[in-house]
Amino acid sequence: MTTSKIQKTIRTSYQNLQSQLDNFIPRRAQNYLTAEITKSLCGEYHKTTRMIVAEAGTGIGKSLSYLMATIPVALFNRRKVVISTATVALQEQLIDKDLPLYRRLIDKEFSFILAKGRQRYCCAEKLAVASAANGEQIAMFDAKPKAKDIEQLQLMHQKLAENKWDGDRDSWPKPIDDGIWQSIVSDKHSCNLSMSAHRSCPFQKARSELDKTDIIIANHSLVMADADLGGGVILPEPENTIYVFDEAHHLPNVARDHASAAASLKGAASWLEKLNQSVTKLANLADEKRVARFRNELQASIQELIPSLTQLASRFDATQFKDGSYRFEHGELPDWLQQESKQLKTLSQKGAQSVAKVADLIAERVKDGELASRLAEPALAELGFFITRMDNLAQVWHLMAQPQREKGAPLARWLELAPEREGDFVVNVSPLEIGWQLDQQIWSRCMGAVLVSATLRALNSFRFFCRQAGISENPQDGVKFLALASPFDYQNQAQLIIPTMPCEPQEEQFTQALIDTLPKLIEENKANLVLFSSYWQMNQVYDSIATLFEKSGWSVQVQGKNSRSEILKKHKTLVQCQKTSVLFGTGSFSEGLDLPGELLENLIITKIPFAVPTSPVEQAHAEYIESKGGNPFMQIAVPEASKKLIQSVGRLLRKERDSGKVLILDRRLITKRYGQALINSLPPFKLIIE
C-alpha cells in the first residue's frame, strides 16, 4: 500500500503548487497521473512489477506529475531517480524550470544534477599527451594534426590546469572538432582509478557528484550506455533506481543503436599498424615475465588481422552497391564470409584481451610503486585509445560471426563505402528487435519504471510500442497502462481541414501542386508553420515561391538556413509586430517545438509522414516481417506515421486558450483504407473535409 507519509508529501506539494503558479488551473488528469504513478511504484498493482506506461496528451503537465510522484517514493525508500529524456530541450526545462519549482513545493530536501557520459569529458592525461610539442600525439590521431589543432589542445590543457575549464566538451566556448575530441576523450580503459591523478580527472569528478545526488537527469543514450556496461557503472545500479523515461517513444531506437556495431576494413588495418609499432615500447613498462605472453599474442593477432582485413576489402565489388551500401538479405552471409568472420572474431577477441592485459599489468606496477605515474599515464592513455577500437572491432566480428537464429529476428548485416579511404568498406551489424534486451537490462532489474510521452500509442494501441520496448501487455504481468487525453477543447479551439488537392503525394506532380497551393493557404498577418516530409521537397518548394512570398511582404524562414534559436527569435519578433511569418520545417520541427498562443495559428502538414525504408536496418526489418507472412507497411509504416502525425498536429495547441487550424494536404486520409484509422488516432479536432 502507499504509505501515509508519501501521500501526505504529495498532497502538500500539490497544495503548494496552487500558491506558486499564477492563474493556476487544477487539472484532473494531472492529479490522476500522479496518483497512478505513485500506486504503481508502491506496488499496489503488482508486488514485483512496479511499472507504468502512460500516454499523456499536451497540456496535462506530465513532468510535474512524475516529479510529484517519483521523488517522494524514492526519498522515503532511500532510492535514486534517473529521469531520462530524448532531447536537450527537455533536459533544460527540467533543470531550469520544473525541478526548481518542485523543490519549492515539497517538504523534503533533495538534490539534482545533469549527468553526461564519458564521451562528453576529456581525459586529462590524453590532453596532456596530445598537446605536447612532440610526435607522441600522432598515434592518437587518424591523420597528422595541424598546427592550429595543437594550439587549441594546448589552450585547453592550460585552461584545465588553471581550473578555468571543467573538461566538459559542452562547456568549452567554441565547438570542438570531432577529430580533435576523439584524440582526448575519456574512456574506461585509460581513466584508471589506481592512479591518483585520475581520481580527480573531469569524468571522475562528475561521477563522484552523481553518487551524492538524489535525482539524476540523463538521456536515453547514457542510460543505454550504462546498461551495456552492466548497470551501475556510470549511473546508479538499476536495483536501487526508479527510472522515468520521458519522450519514451524514442527509447527503442536508441537501444537498437547502442546494440549495433560498425568498423572499417582498411581503416582498422591502419590503426592496427600504429599499435603494432608501439606494442614493444608500451609492454616494456610492465613486468617482462608476466607481459611477454600477452605482448606476443597481441603482435601475432595484429600480424594476422592486418592482411586479413586488407584482403577482405579487395573481395567486395563496389559496383554492386546501391546508394553506397550493400545489404546481406535476411542477414545471411555467403559461406566464405561466414568462415572469414569466425576467423576475424577469434583474432580480434584475442587481440582485445591481450591489449587490455598489457594495460592492466602496467597499472599494477604503478599501484605497487614499481613504476612512476608520469611514465605510465601517457602509455595508458595511448593504450586506452587502442583498447576502445579493439573492443569495437571484436564486437563487430562477434556479431558478424553469429549463426542465424532459429527464433526471433535475424541481425541486419551490411557494408557501406568508407568515405575516408578509396576502396575501403565499413562493416555494419544491428539487431532488428531490441525489446528482450531492454527487459533483461532494465525492466526486470529496476526498482520501478515510469514511461511517459505524448505519443506512445499508434492507431490507438500500445501494442506497437510494447513490442519494440520489450514490455508485456498481459495484465497478469503487472504493467499499468494509461492513456490520458489532453484537457484542451479541441472541437471549439481548432479545426482539422483536409482540403481538395489536384493529386496525391506519391504522384510526380505533387511538388508542383504544393508550389501552386501553399500561397493560398498562408494566413496573412499571422504565424504559419509548414511541415514537409523531406528536405529536398521543402527546398524545391521554397526556391519556387520565395520571390512570390517576398513580394507579398511575407517572411519565410527555412529550417537549416539558420540556427533553430535564431529562426524562432525572428519569428517571435515578426508575430509581435503582427507581420506574416512562415516557417518551413521537416521532422525535427514536428517534435519539441513549443509555439504557444499567437506564435502558431496556422499549421500546414504537406503529407502523411511515412518513413521510406531507406536504411539497411529498416529494409531488413521489412524483409523479416514479409518472411513471416506479415505486411511491413501496415505493421511498421502506418503505426510509425500515426505517431509522427500526432506529434506534428501537437504543435498547434500548447495552452488552454490557444486556437487555430491544421491543414493536411494528403487526400490519402480519405482515399485509403488506413486513412480513417490515422484520423481516428488524432485529437478530436473539428473535422472539415473539402
Original post:
Between Glu523 and Lys661, does at least one N-O distance fall below 4.0 Å, as a salt bridge requires?
Top reply: yes

Original post:
Between Phe549 and Phe584, what is the ring plane arrangement, given parallel below 30°, perpendicular above 60°, and tilted in between?
Top reply: perpendicular

**OP:** Over 60° means perpendicular and under 30° means parallel, so classify the ring planes of Phe112 and Phe110, tilted if in between.
**Re:** tilted

Original post:
Should Arg654 and Asp594 count as an ion pair when the cut-off is N to O under 4.0 Å?
Top reply: yes

Subject >> Sequence-distant partners of His249, ring-ring contact (aromatic ring centres under 6.0 Å, His included), two or more places apart >> reply: none

Original post:
CG/Leu531 to CG/Leu665 distance, rounded to the nearest 0.5 angstrom?
Top reply: 10.5 Å

Original post:
Can you find a pair of side-chain heavy atoms, one from Asn528 and one from Leu583, that are under 4.5 Å apart?
Top reply: no

Subject >> side-chain hydrogen bond (donor to acceptor under 3.5 Å, both in side chains) assessment of Asn219 paired with Thr85 >> reply: CA-CA 5 Å; Asn219 60 29; Thr85 77; over 6 Å; no

Original post:
With a 4.5 Å heavy-atom cut-off, do Leu663 and Leu603 have their side chains touching?
Top reply: no

Original post:
Step by step, would you call Asp226 with Arg118 a salt bridge (Lys or Arg N to Asp or Glu O under 4.0 Å)?
Top reply: CA-CA 10 Å; Asp226 185 58; Arg118 278 186 185 275; over 6 Å; no

Original post:
Any side-chain heavy atom of Asn428 within less than 4.5 Å of one from Pro616?
Top reply: no

**OP:** With rounding to the nearest 0.5 Å, note down the distance linking NZ in Lys148 to CG in Leu153.
**Re:** 10.5 Å

Would you mind writing out the side-chain donor-acceptor pairs for residues 569-576 within the sub-3.5 Å range, not counting sequence neighbours?
{"from": "His571", "atom 1": "ND1", "to": "Ser581", "atom 2": "OG", "distance (Å)": "2.6"}
{"from": "His571", "atom 1": "NE2", "to": "Leu599", "atom 2": "O", "distance (Å)": "2.8"}
{"from": "Thr573", "atom 1": "OG1", "to": "Lys569", "atom 2": "O", "distance (Å)": "3.0"}

Original post:
Do Leu595 and Arg651 touch side chain to side chain, with heavy atoms closer than 4.5 Å?
Top reply: no

Original post:
If you count the non-hydrogen atoms of other residues, nucleotides and ligands that lie under 6.0 Å from CD in Glu508, is the total more than 12?
Top reply: no

Using atom types as modelled, flag every donor-acceptor pair under 3.5 Å from a side chain in residues 533-542 to any protein atom, sequence neighbours excluded.
{"from": "Ser534", "atom 1": "OG", "to": "Gln537", "atom 2": "N", "distance (Å)": "3.0"}
{"from": "Tyr535", "atom 1": "OH", "to": "Gln559", "atom 2": "NE2", "distance (Å)": "3.0"}
{"from": "Gln537", "atom 1": "NE2", "to": "Thr511", "atom 2": "OG1", "distance (Å)": "2.9"}
{"from": "Asn539", "atom 1": "ND2", "to": "Tyr535", "atom 2": "O", "distance (Å)": "3.1"}

Using distance only, find each side-chain donor-acceptor pair of residues 454-465 under 3.5 Å and give its atom names and separation, not counting sequence neighbours.
{"from": "Thr455", "atom 1": "OG1", "to": "Gln647", "atom 2": "NE2", "distance (Å)": "2.6"}
{"from": "Arg457", "atom 1": "NE", "to": "Glu55", "atom 2": "OE2", "distance (Å)": "2.9"}
{"from": "Arg457", "atom 1": "NH2", "to": "Glu55", "atom 2": "OE2", "distance (Å)": "3.0"}
{"from": "Asn460", "atom 1": "ND2", "to": "Asn680", "atom 2": "O", "distance (Å)": "3.4"}
{"from": "Ser461", "atom 1": "OG", "to": "Arg463", "atom 2": "N", "distance (Å)": "3.0"}

Subject >> Arg668 side chain reached by Pro505 side chain, heavy atoms, under 4.5 Å >> reply: yes

Original post:
Should Asp168 and Lys116 be marked as a salt bridge (Lys or Arg N to Asp or Glu O under 4.0 Å) after you check the CA-CA gap, both sets of side-chain angles, and the distance that decides it?
Top reply: CA-CA 9 Å; Asp168 179 347; Lys116 297 181 182 181; 2.7 Å; yes

Original post:
Can you find a side-chain donor-acceptor pair between Gln512 and Asp516 that sits under 3.5 Å?
Top reply: yes

**OP:** Name all pairs fulfilling the ring-ring contact (aromatic ring centres under 6.0 Å, His included) condition that reach into residues 505-526, sequence neighbours left out, sorted by first residue then second.
**Re:** none

Original post:
Above 12 or not: heavy atoms from other molecules or residues under 6.0 Å from CG of Asp96?
Top reply: yes

Listed pairs under 3.5 Å, donor-acceptor, residues 486-499 side chains, sequence neighbours left out:
{"from": "Ser486", "atom 1": "OG", "to": "Thr58", "atom 2": "O", "distance (Å)": "2.6"}
{"from": "Ser486", "atom 1": "OG", "to": "Phe488", "atom 2": "N", "distance (Å)": "3.3"}
{"from": "Ser486", "atom 1": "OG", "to": "Tyr490", "atom 2": "OH", "distance (Å)": "3.4"}
{"from": "Asp489", "atom 1": "OD2", "to": "Asn492", "atom 2": "ND2", "distance (Å)": "2.8"}
{"from": "Gln491", "atom 1": "NE2", "to": "Pro684", "atom 2": "O", "distance (Å)": "3.1"}
{"from": "Gln491", "atom 1": "NE2", "to": "Phe685", "atom 2": "O", "distance (Å)": "3.2"}
{"from": "Gln493", "atom 1": "OE1", "to": "Asp489", "atom 2": "N", "distance (Å)": "2.6"}
{"from": "Gln493", "atom 1": "NE2", "to": "Glu656", "atom 2": "O", "distance (Å)": "2.8"}
{"from": "Gln493", "atom 1": "NE2", "to": "Asp658", "atom 2": "O", "distance (Å)": "2.7"}

Original post:
Side chains of His258 and Val254: closer than 4.5 Å at any heavy-atom pair?
Top reply: yes

Subject >> Any side-chain heavy-atom pair of Leu593 and Leu568 under 4.5 Å >> reply: yes

**OP:** Taking atom CD of Gln509 as the centre, report whether more than 12 heavy atoms of other residues, nucleotides or ligands fall under 6.0 Å from it.
**Re:** yes

**OP:** Measure across Ser84 and Val223 and return the closest heavy-atom pair with its distance rounded to 0.1 Å.
**Re:** OG-CG2, 3.6 Å

Subject >> Between Ser63 and Asp98: side-chain donor-acceptor atoms closer than 3.5 Å >> reply: yes

Original post:
Are the side chains of Arg256 and Asn253 in touch, meaning some heavy atoms are under 4.5 Å apart?
Top reply: yes

